[in-house]
Each structure stands twice: as C-alpha cells, then as structure tokens.
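Report on the structure given below.
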There are 2 protein chains.
Amino acid sequence: MDRKEQILEIATELIQTRGYTAFSYQDLSDRLGITKASIHHHFPSKANLGFAVAERYSTAVTASLAEVKQNTDDPWEQLDGYVGQILQLIKTRDRICAAGAVHSEYNVVPESMSDAMARLAKHIIAWLTDVLEVGRREGMMDFPGKPEHQAALVFAAAQGAMQFGRAHGAVKARQIMDQIKESLKAA
Amino acid sequence: MDRKEQILEIATELIQTRGYTAFSYQDLSDRLGITKASIHHHFPSKANLGFAVAERYSTAVTASLAEVKQNTDDPWEQLDGYVGQILQLIKTRDRICAAGAVHSEYNVVPESMSDAMARLAKHIIAWLTDVLEVGRREGMMDFPGKPEHQAALVFAAAQGAMQFGRAHGAVKARQIMDQIKESLKAA
DNA sequence: GTCTATAAATGGATAGAC
DNA sequence: GTCTATCCATTTATAGAC
C-alpha cells in the first residue's frame with residue numbers, strides 16, 4: 001500500500017490521458033479518496049509531482065526496453081517489442097506516451113520534467129538505433145542513411161501515431177505502425 | 001484592423017506554443033492591450049474561440065496545400081511544399097502544428113474543436129495520398145503497401161518531428177523530415 | 001498520514017456604463 | 001467595442017489539529 005506509488009500511478013495515467021496542465025490535485029483526490037492536502041504531504045508541489053512521474057516513467061520504459069533485448073537477439077523481434085508497447089497504449093485508445101505528452105506541452109511544463117522526458121526520448125532513440133544498425137548489418141532490414149536518423153523517424157512516427165489514434169481510432173494508428181515496419185523490410 | 005482576426009491570430013499562436021488548456025483570456029488581454037471582457041464580446045466562450053481558431057487554421061492550411069498543387073505537378077516538389085511548411089513552423093517560431101497540438105490534448109478540448117482538427121488531419125492525409133500515389137505511379141517514388149497508409153505515416157512522423165524539435169532542436173527535427181524524404185526515393 | 005479549514009491567485013464569464 | 005466592476009468556480013498550496 002505505498003501511497004506515494006499509488007499517487008504516481010494515477011498521476012501518470014492522468015498525464016497520459018489529459019496532459020500535465022489539465023490534470024489537478026482534485027482529480028487525484030477524487031480517484032484516491034484522500035484529500036488534496038494529503039497528496040501535498042507526499043508531493044509538496046505539482047512540479048515536484050510532475051518530475052517524479054517523469055522519473056518513474058523513464059525508469060519503467062528503460063527497464064522494459066532492456067528486458068526486450070535480454071529476451072531476444074533478433075532485430076525484428078526487438079522492434080516488435082517496442083511496437084508492441086506502443087500498440088498497447090493505443091489499444092486503450094485513451095493514453096498516449098507520457099514522453100510525447102510532455103513534448104507537446106513543452107513550454108508549459110516544469111523544466112525538470114521536460115528535461116527528464118527529453119532524456120527518455122534520447123534513450124529510446126539510442127535503443128532503436130542499435131536495433132536498426134544490427135538489423136541492417138545482418139541484411140534483415142533496409143533503410144537509407146544513418147541508423148540514428150531512421151531511429152528518430154521511427155520514434156517520431158510512433159508518437160504521432162498514438163496521438164492520431166485517439167482521434168481516428170486504434171485501427172488507423174496500427175496501420176501507421178505496420179507501415180513503419182513494412183518500410184524497413186529488406187528488398 | 002479587424003479585432004476578431006487579431007484575436008484569432010494571437011490565439012492560434014498561443015495554442016501552437018502553449019496548448020489550448022494552458023492559454024487564457026488574460027494572455028490574450030496582455031498581448032492585445034484590451035481587457036478580457038472585450039475579448040468575450042468577440043468570442044463569448046473559450047470553446048467558441050477554440051472552434052473559430054480550428055476553422056480558420058483549417059482554411060489556411062487547406063488553401064496553402066491547394067496552392068502548392070497549383071504551382072507544380074511534380075510530386076517531389078509538392079511533397080517539399082508540405083515539408084517546407086512543417087520546417088517553417090519548427091524553425092522560425094516555437095510552434096507546432098495546431099492540429100497536432102489539439103490531437104495531443106484530445107480529451108480536454110471542446111468537441112467542436114477536436115472534430116474540426118480531425119477533419120483537417122484527414123484532409124492533409126488525403127492530399128499526401130494523392131501526391132504519393134502519383135509519385136509511385138510515375139516511378140519517382142517508392143514505398144510498400146497502400147498510398148494512404150504511407151501518407152498517414154508521413155503525417156504522423158511530421159507531427160512527431162515538430163514536437164520533438166522543440167525539445168531537441170530544429171536540426172534534429174529537420175533530420176527526421178529529411179529521413180522521410182530519403183525513405184521515399186525510388187531505388 | 002490524513003484531516004479540516006483557509007489562503008491567495010487565476011480562470012472563464014456576465015452586467016451595465018460609456 | 002471597450003471599459004470597470006464583479007461573480008463564482010477552480011487551482012495550487014499552507015497551517016495546524018488528530
């Protein structure tokens with residue numbers, strides 16, 4: 001029953017569904033059944049809470065991606081591990097990636113929070129870069145230019161796909177993720 | 001000097017830089033030098049203003065894309081017309097596409113507004129679909145699957161690139177747009 | 001850790017004068 | 001069309017009792 005953890009859990013969900021600006025201590029209070037003052041006891045300020053959410057989210061995603069690479073050495077299966085996480089978010093049709101949410105609210109979010117999410121984005125792209133580099137070297141994938149640039153493209157497209165999916169349906173979002181994979185297939 | 005137009009101009013900028021939730025009548029008041037009450041005279045409610053911004057933005061983008069196709073029949077030049085508009089947003093100001101901004105705030109924006117922006121997204125993708133279809137038919141572009149799926153991918157990547165660029169710099173965002181173009185080049 | 005109570009500021013919105 | 005003045009709800013945050 002770690003209250004701090006419960007708060008972070010709900011706050012993360014609210015940021016993914018409503019965004020940082022649009023969620024409030026009152027929302028958390030309603031969901032958790034404790035007062036706003038109690039939440040302030042655990043997280044003195046909203047900026048404080050926002051940063052904690054970003055750190056926790058980064059840790060979770062980082063660990064999840066590391067696990068994918070421990071489970072398989074096949075680049076396609078690794079890519080599917082990433083895509084699978086994206087599709088999972090889309091399926092609920094309500095959440096987007098917290099990093100993407102923060103990026104699109106970049107100018108109004110506490111700096112510590114946007115910094116943390118920017119680091120996460122860099123990490124994910126580095127992770128993807130490695131997958132693509134190995135995939136191409138082994139003749140399993142094909143794309144032009146630097147793996148790092150292609151990785152950034154995959155990341156950007158995934159973020160866009162999630163946001164697009166909320167308005168246009170999970171099927172459309174999945175088509176985008178499929179198209180990314182198709183475009184990486186070796187001739 | 002059409003006041004209504006001035007308000008829409010500033011409101012659009014604020015939505016692109018701060019988002020719908022995070023901008024206020026006070027912000028508009030500060031920028032325009034007239035009181036909040038005066039702004040309410042032109043736009044009774046924030047939802048009202050948000051919808052008007054969405055409609056005006058849609059009209060402008062639609063007209064701009066139509067002009068691109070009037071100026072050239074070459075698919076690559078047409079694509080550059082779209083990409084150029086994206087890069088302009090990234091480079092000169094700290095703005096993202098208003099449609100993308102609204103998509104990422106989907107659950108907290110007035111429905112009339114998100115509906116209008118969803119229609120715009122569909123329009124842009126249809127526009128891109130035509131460009132890609134002609135490009136492939138004439139052997140100038142290459143990509144797998146249906147043109148409309150590739151068009152959705154290009155759109156999603158562009159939205160993601162703009163949001164990414166704000167946090168990581170215009171250069172990174174441009175690399176993503178370049179990578180999209182590279183991946184479309186016929187072998 | 002959680003509560004009640006409350007502060008202080010901000011946000012969207014209205015009434016009515018000029 | 002724009003202003004002053006004001007309303008009411010919400011938001012972040014604090015003080016102090018239990």
Side-chain angles (χ1 to χ4, degrees), chain A residues 1-56 98 101-102 105-114 116, chain B residues 1-56 98 101-102 105-114 116:
Chain A
M1 265 290 193
D2 191 343
R3 254 294 134 77
K4 218 160 169 170
E5 191 63 18
Q6 283 184 318
I7 294 169
L8 288 171
E9 176 77 34
I10 308 290
T12 302
E13 181 194 326
L14 288 169
I15 287 169
Q16 288 182 275
T17 52
R18 303 172 54 79
Y20 176 81
T21 309
F23 99 92
S24 69
Y25 274 70
Q26 186 61 54
D27 294 328
L28 291 168
S29 169
D30 293 341
R31 288 283 296 272
L32 289 161
I34 60 175
T35 61
K36 292 187 289 177
S38 297
I39 300 167
H40 274 285
H41 169 76
H42 296 283
F43 299 97
S45 74
K46 194 182 179 182
N48 190 296
L49 173 56
F51 174 64
V53 166
E55 287 281 86
R56 178 175 171 277
V102 168
E105 283 190 279
Y106 192 72
N107 296 320
V108 291
V109 149
E111 213 178 308
S112 64
M113 193 185 185
S114 52
Chain B
M1 288 302 164
D2 191 343
R3 253 294 134 79
K4 217 161 170 171
E5 191 63 18
Q6 282 184 318
I7 295 169
L8 288 171
E9 176 77 35
I10 308 290
T12 302
E13 181 194 325
L14 288 169
I15 286 169
Q16 288 181 275
T17 52
R18 303 173 53 78
Y20 177 81
T21 308
F23 99 93
S24 69
Y25 274 70
Q26 186 61 53
D27 294 329
L28 291 168
S29 169
D30 293 341
R31 288 284 295 271
L32 289 162
I34 60 175
T35 62
K36 290 193 291 176
S38 297
I39 300 167
H40 275 285
H41 169 74
H42 297 284
F43 299 98
S45 75
K46 195 182 179 184
N48 191 295
L49 172 56
F51 174 64
V53 166
E55 287 281 88
R56 178 175 170 278
V102 167
E105 285 190 278
Y106 193 72
N107 295 320
V108 291
V109 149
E111 213 178 308
S112 64
M113 193 184 185
S114 51

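Every chain is numbered from 1 and lettered A, B, ... according to where its sequence line falls, protein lines coming before strand lines. Note that the structure is a prediction, hence the values are computed from the model and not measured.
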Does any N or O in the side chain of Thr12(B) come within less than 3.5 Å of the main-chain N or O of Leu8(B), such that one atom is a donor and the other an acceptor?
yes
Counterpart residues, side chain to side chain contact (heavy atoms under 4.5 Å, CB included), relative to Thr21(A) (two or more places apart)
Glu105(A), Val108(A), Thr21(B), Ala22(B)
For Arg3(A) and dC3(C), what is the distance between atoms CZ and P respectively, to the nearest whole Å?
8 Å
Please enumerate all residues that pass salt bridge (charged side-chain N to carboxylate O under 4.0 Å, His left out) together with Arg31(B), with sequence neighbours excluded.
Glu13(B)
Rounded to the nearest Å, what distance is computed from the CG atom of residue Leu32(A) to the C1' atom of nucleotide dC3(C)?
15 Å
Counting only side-chain nitrogens and oxygens, does Ser38(B) get under 4.0 Å of the OP1 or OP2 atom of dC3(D)?
yes
If you take all heavy atoms of Ser114(B) and Val102(B), which pair is closest and at what distance?
CA-CG1, 3.8 Å
Looking at dC3(C), I'd like to know if its phosphate oxygens (OP1 or OP2) sit under 4.0 Å from a side-chain N or O belonging to Thr35(A).
yes
Please tabulate, one pair per line, each protein N/O and nucleotide N/O from nucleotides 10-12 of chain D that are separated by under 3.5 Å, including the distance.
| residue | atom | partner | partner atom | Å |
| --- | --- | --- | --- | --- |
| dT12(D) | OP1 | Lys46(A) | NZ | 2.9 |
| dT12(D) | OP2 | Tyr25(A) | N | 3.2 |

Can you tell me how far C1' of dG1(C) sits from CD of Gln6(A), to the nearest Å?
13 Å
Just how far, in rounded Å, is C1' of dT14(C) from CG of Asn48(B)?
15 Å
Do the non-hydrogen side-chain atoms of Ile15(B) and Met113(B) ever get within less than 4.5 Å of each other?
yes
Return the value, rounded to whole Å, for the distance between atom CG of Leu28(B) and atom C1' of dT2(D).
15 Å
Could you check how far CD1 of Ile39(A) sits from P of dT2(C), rounded to whole Å?
10 Å
Measure the OH-CZ distance between Tyr106(A) and Arg18(B) for me, rounded to the nearest 0.5 Å.
14.5 Å
Review item, nucleotides 16-18 of chain D N/O atoms under 3.5 Å of protein N/O:
none

Could you give the NZ-to-P distance, from Lys4(B) to dG1(D), as a whole number of Å?
9 Å
Taking only residues two or more places apart in sequence, or in another chain, which ones meet Glu55(A) in a salt bridge (charged side-chain N to carboxylate O under 4.0 Å, His left out)?
Arg119(A)
Taking Ser24(B)'s backbone N and O only, do any of them form a donor-acceptor pair with Asp27(B)'s side chain (distance below 3.5 Å, no angle check)?
yes
Pairs of donor and acceptor atoms involving the side chains of residues 42-51 of chain B, under 3.5 Å and at least two apart or interchain, shall be tabulated with distances.
| residue | atom | partner | partner atom | Å |
| --- | --- | --- | --- | --- |
| Ser45(B) | OG | Asn48(B) | N | 3.1 |
| Lys46(B) | NZ | Tyr20(B) | O | 2.9 |
| Lys46(B) | NZ | Phe23(B) | O | 2.8 |

